[in-house]
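Here the structure is laid out as structure tokens; the discussion comes afterwards.
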Amino acid sequence: MAKKETPKYRTPRGIAVYPRLDNPDTKYNKHGTYSAKLKLPVAEAKPFIAKLQELAKPHFGKPLPVKKNPCWYYEKVTDEETGEESETGFVIFNLQVKNREVKDKKTGELKLWDRKPVLFSASGKVVKRARVGAGTEYAVTFEIYLGKDNDGNPTMQLQPTAVQIFKLVEYASGGSSVNPADYGIEAEEGGWEPEEDDGSDDSQDEGGSDGSDEGSDESGTDEEENTDF
């Protein structure tokens with residue numbers, strides 16, 4: 001009998017929020033966690049939420065809290081003067097998947113299961129590596145894991161398996177954006193531009209150079225139909 005595949009679902013196209021898609025985050029999970037969080041305007045998020053509620057209700061016995069739960073939350077900002085919170089008009093969806101160790105059926109050895117989502121370009125070509133930063137426009141294919149926590153309470157996770165990138169915003173070293181607009185920088189014609197590197201050595205051999213070089217380092221059971229919400 002063929003193994004039953006876990007259904008796959010797909011988010012609407014949205015904006016990336018602190019994605020970790022090239023290298024996993026190991027702060028809270030030593031094996032690493034990949035993240036494809038997504039931001040949508042409330043009007044676009046509501047039909048998506050309704051579909052998630054349909055899938056969650058049989059497992060939880062009731063709908064998930066509308067404004068905040070482990071799968072999504074309504075984004076808020078805090079007024080620095082009054083301390084009051086107000087909604088921004090966006091919903092953030094929490095799509096994450098953790099690497100974990102699994103036992104090899106033949107040898108019995110524990111091996112790392114790297115669950116890195118597959119990256120695709122806008123045209124559908126596989127991308128081996130991309131510096132996906134906050135603000136990137138993408139849609140996420142994911143699986144839903146329904147399980148229980150350590151106290152026996154039902155849980156639900158949206159686990160990304162693939163990401164289609166429509167507009168890439170790269171991050172710089174340390175996770176910062178390299179989008180000039182994020183720094184208030186506007187293009188000006190006729191000003192300074194770096195020379196193209198032709199591979200020649202322009203360093204001086206006599207006087208005026210200290211010969212120093214500066215550089216920078218960059219630093220349950222998952223069962224597997226692809227359904228658009």
Side-chain angles (χ1 to χ4, degrees), residues 2-29 31-41 44-56 59 64 69-73 90-102 111-147 155-171 175 177-179 220-229:
K3 182 180 178 181
K4 183 180 178 181
E5 291 189 352
T6 299
K8 289 184 173 63
Y9 307 93
R10 183 175 163 89
T11 70
R13 177 172 171 170
I15 303 299
V17 179
Y18 301 119
R20 289 297 296 262
L21 291 168
D22 53 351
N23 295 306
D25 184 359
T26 57
K27 185 175 182 180
Y28 299 109
N29 172 31
H31 302 306
T33 300
Y34 293 102
S35 176
K37 290 184 178 182
L38 182 85
K39 178 190 287 191
L40 291 172
E44 296 178 22
K46 284 184 175 180
F48 184 40
I49 288 174
K51 181 60 178 179
L52 292 176
Q53 292 282 32
E54 288 180 14
L55 297 167
H59 183 61
L64 293 171
N69 62 69
C71 295
W72 71 82
Y73 61 91
F90 289 89
V91 180
I92 295 178
F93 293 88
N94 187 28
L95 296 107
Q96 294 184 320
V97 65
K98 295 180 180 180
N99 291 337
R100 65 188 194 200
E101 288 185 326
V102 295
K111 294 184 177 181
L112 181 66
W113 180 16
D114 190 338
R115 306 173 74 186
K116 180 179 179 179
V118 182
L119 303 181
F120 292 90
S121 68
S123 65
K125 295 180 180 178
V126 174
V127 178
K128 292 185 177 180
R129 183 175 177 83
R131 299 164 63 89
V132 184
T136 293
E137 293 182 19
Y138 59 36
V140 183
T141 300
F142 64 96
E143 298 172 349
I144 291 180
Y145 172 74
L146 300 172
T155 61
M156 175 172 165
Q157 299 171 11
L158 313 181
Q159 300 182 340
T161 59
V163 175
Q164 183 178 10
I165 301 168
F166 299 101
K167 181 180 178 182
L168 177 66
V169 176
E170 293 187 317
Y171 67 83
S177 169
V178 290
N179 182 0
T221 303
D222 294 328
E223 302 170 3
E224 284 202 323
E225 186 171 320
N226 200 350
T227 306
D228 284 358
F229 284 165

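In this text the structure is predicted, and so the values were computed from the model without any measurement.
Side-chain atoms of V118 and T161, non-hydrogen and from C-beta on, never get closer than 4.5 Å to each other.
The backbone N or O of L64 sits less than 3.5 Å from a side-chain atom of Q53, completing a donor-acceptor pair. Remark: the backbone N or O of Q96 is not paired with any side-chain donor or acceptor of S35 at under 3.5 angstrom. A distance-only check finds a donor-acceptor pair linking the side chain of R131 to the backbone of Y171 [under 3.5 Å]. Side-chain N or O atoms of R10 include none that pairs as donor or acceptor with a backbone N or O of T141 at under 3.5 Å. At distances below 3.5 Å, not a single donor-acceptor pair connects side-chain atoms of D25 with backbone N or O atoms of T33. Between the side chain of Q164 and the backbone N or O of A122 there is at least one donor-acceptor pair closer than 3.5 Å.
To the nearest 0.5 angstrom, L158 atom CG is 10.0 Å from T11 atom OG1.
Under the 30°/60° scheme for interplanar angles, the aromatic rings of F93 and W72 are found to be tilted.
A side-chain contact (heavy atoms from CB on, under 4.5 Å) with Q159 is found for exactly one of L95, I144, V97, V140, namely V97. Under the side-chain contact (heavy atoms from CB on, under 4.5 Å) rule, L21 has a single partner from V127, I165, V132, which is V132.
No more than 12 heavy atoms of other residues, nucleotides or ligands shown are found within 6.0 angstrom of OH on Y18.
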